[in-house]
Protein chains: 2
Amino acid sequence: MSQRNTRVTVQVVNADACPVREVLDRVSGKWSVQILVAAAHGPIRFTELERSIEGISRRMLTLTLRNLERDGLITRTVHPTVPPKVEYELTPVARELHETLQRLTNWAERNRVYIAESRAAYDEEHRPDGAGADA
Amino acid sequence: MSQRNTRVTVQVVNADACPVREVLDRVSGKWSVQILVAAAHGPIRFTELERSIEGISRRMLTLTLRNLERDGLITRTVHPTVPPKVEYELTPVARELHETLQRLTNWAERNRVYIAESRAAYDEEHRPDGAGADA
DNA sequence: CGGCATCCCGCTAGATACTG
DNA sequence: CAGTATCTAGCGGGATGCCG
């Protein structure tokens with residue numbers, strides 16, 4: 001019992017060293033991914049983004065855009081015309097991310113029904129009404 | 001059919017039309033992914049999870065576990081022994097998700113430096129000190 | 001057109017304490 | 001060992017208003 005402790009396999013998933021958290025932090029915002037998706041088709045203007053993403057506010061659009069720009073995921077191009085025109089475009093790095101994101105989307109679509117049913121079953125089973133077994 | 005005017009004024013589209021949000025909601029929690037990763041190696045006990053995920057609280061571990069179980073992503077097996085023993089394991093669906101997640105992780109690892117540099121450059125450029133060009 | 005500032009609220013998650 | 005309950009802070013993000 002001197003040197004051999006019982007914890008054999010417990011590999012620490014340290015948050016600091018965990019790239020999973022890295023990417024999640026990049027994507028965790030409510031609107032980040034939708035912006036990436038909306039901008040994936042090519043350069044897009046501020047107002048176009050605003051209109052294509054239902055429910056987003058100017059504020060959140062700006063903030064999220066700034067963050068994505070800061071992370072080098074989108075470029076911001078200002079055209080100094082009289083009606084201001086600003087175009088946003090994905091960087092190559094963001095395009096790679098977008099491809100990966102699409103795999104996630106595919107997963108979601110494939111298993112959407114399964115998840116919904118799981119939820120329903122779980123909720124049913126945990127009803128306060130006491131429908132634990134069956135009726 | 002005549003009075004189909006159910007005022008579903010909810011402009012939010014319920015995430016039904018947006019699979020991106022679907023998967024993000026599933027993964028958005030601060031600890032969800034790390035739990036999935038930690039449990040990916042095989043059945044794992046509550047305390048093992050708690051120790052392998054640095055910084056997680058009992059509360060959040062339980063809550064996140066419950067949500068993952070509810071979504072059908074993990075199974076919870078209670079062994080009615082005298083010291084209680086509960087094992088958690090990924091469902092097949094979650095294993096698929098985990099694979100996809102690993103692609104995300106790969107992306108993060110590949111571009112971690114790029115992102116860090118982008119951030120540094122952005123922060124430098126937007127310093128209140130006015131170091132816009134160069135020194 | 002594009003964007004920033006302010007106020008405000010709800011949700012997430014941390015700390016702490018108790019239980020079967 | 002494996003949870004549950006409460007209380008609270010912090011932050012994301014919605015609403016609104018003003019500016020280049």
Side-chain angles (χ1 to χ4, degrees), chain A residues 6-7 10 15 18 21 24-35 38-39 43-71 74-89 122 126 128, chain B residues 9-15 18 21 24-35 38-39 43-71 74-89 122 125-126 128:
Chain A
T6 46
R7 339 202 294 257
V10 204
C18 189
R21 277 239 59 81
L24 281 180
D25 286 345
R26 216 72 47 211
V27 156
S28 61
K30 184 174 179 180
W31 305 103
S32 310
V33 176
Q34 287 175 77
I35 289 180
I44 188 171
R45 299 181 61 175
F46 186 87
T47 318
E48 290 177 325
L49 279 170
E50 192 180 7
R51 282 185 308 174
S52 66
I53 302 177
E54 269 279 332
I56 195 172
S57 64
R58 255 189 194 71
R59 177 185 130 89
M60 285 318 295
L61 182 54
T62 304
L63 283 179
T64 312
L65 244 16
R66 288 292 168 273
N67 277 326
L68 292 173
E69 189 191 356
R70 191 167 100 103
D71 289 342
I74 56 161
T75 57
R76 179 172 176 268
T77 310
V78 182
H79 304 271
T81 56
V82 168
K85 179 177 180 180
V86 180
E87 281 186 320
Y88 294 92
E89 191 172 13
Y122 186 95
H126 293 249
Chain B
T9 336
V10 210
Q11 74 290 5
V12 178
V13 263
N14 288 332
C18 187
R21 278 240 58 80
L24 281 180
D25 286 344
R26 216 73 47 214
V27 155
S28 62
K30 185 175 178 180
W31 305 102
S32 309
V33 176
Q34 286 174 79
I35 289 180
I44 188 171
R45 300 181 60 178
F46 187 88
T47 318
E48 290 178 324
L49 278 170
E50 192 180 6
R51 284 186 306 174
S52 67
I53 303 177
E54 269 279 334
I56 196 173
S57 64
R58 254 188 194 73
R59 179 185 128 89
M60 285 318 294
L61 182 54
T62 303
L63 284 179
T64 312
L65 244 15
R66 289 289 170 276
N67 276 325
L68 292 174
E69 189 192 356
R70 191 167 101 103
D71 288 344
I74 55 159
T75 57
R76 178 172 177 269
T77 310
V78 182
H79 303 272
T81 57
V82 168
K85 179 176 179 180
V86 180
E87 282 187 320
Y88 294 92
E89 191 172 11
Y122 186 95
E125 198 164 333
H126 293 250

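Every chain is numbered from 1 and lettered A, B, ... according to where its sequence line falls, protein lines coming before strand lines.
- dA13(C) atom C1' lies 9 Å from atom CH2 of Trp31(B), rounded to whole Å.
- Using modelled atom types, one side-chain atom of Ser52(A) and one backbone atom of Leu49(A) make a donor-acceptor pair closer than 3.5 Å.
- Rounded to whole angstrom, the span from the CD atom of Glu54(B) across to the P atom of dG14(C) amounts to 13 Å.
- Contact between the side-chain N/O atoms of Tyr88(A) and the OP1/OP2 oxygens of dC1(C) is not found at any separation under 4.0 Å.
- Checked against dG14(C), dA2(D), dG3(C), the side chain of Phe46(B) finds its nearest nucleotide in dA2(D).
- Closest-nucleotide positions on DNA chain C for Leu63(A) and Pro83(A) were compared, and the one nearer the 5' end corresponds to Pro83(A).
- Not one N or O on the side chain of Arg26(B) forms a donor-acceptor pair closer than 3.5 Å with the backbone of Leu68(B).
- Among residues two or more places apart in sequence or in another chain, the salt bridge (Lys or Arg N to Asp or Glu O under 4.0 Å) test is passed with Arg59(B) by none.
- Looking at the side chain of Met60(A), the nearest of the listed nucleotides dG3(D), dG14(D), dG3(C) is dG14(D).
- For His126(B) and dC4(C), the NE2 to C1' distance is 14 Å, given to the nearest whole Å.
- Evaluation of the salt bridge (Lys or Arg N to Asp or Glu O under 4.0 Å) test over residues 79-89 of chain A, restricted to residues two or more places apart or in two chains, returns none.
- Residues passing the side chain to side chain donor-acceptor pair (under 3.5 Å) test with Arg45(A), sequence neighbours excluded: none.
- By the salt bridge (Lys or Arg N to Asp or Glu O under 4.0 Å) test, Arg76(B) pairs with no residue at all, sequence neighbours left out.
- Whole-Å rounding puts the Leu61(B) CG to dC1(D) C1' distance at 13 Å.
- Atom CG in Leu65(B) sits about 11 Å away from atom P in dA2(D), given to the nearest Å.
- For His79(A) and dG20(D), the NE2 to P distance is 23 Å, given to the nearest whole Å.
- The distance from atom CD of Glu87(A) to atom C1' of dG3(C) is 17 Å, rounded to the nearest whole Å.
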Could you pull out the protein-nucleic contacts involving nucleotides 15-20 of chain C (nitrogen or oxygen on both sides, under 3.5 Å)?
none

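- Among the protein residues, Thr47(B) comes within range of the sugar-phosphate backbone only, with heavy atoms under 4.0 Å from sugar or phosphate atoms but none that close to a base.
- Checked against side-chain contact (heavy atoms from CB on, under 4.5 Å), Val82(A) has no partners two or more places apart in sequence or in another chain.
- If you take CD1 of Ile74(B) and P of dA2(D), they are 13 Å apart, rounded to a whole angstrom.
- Here the side chain of Thr62(A) is nearest to one of dG13(D), dG3(C), dG3(D), namely dG3(C).
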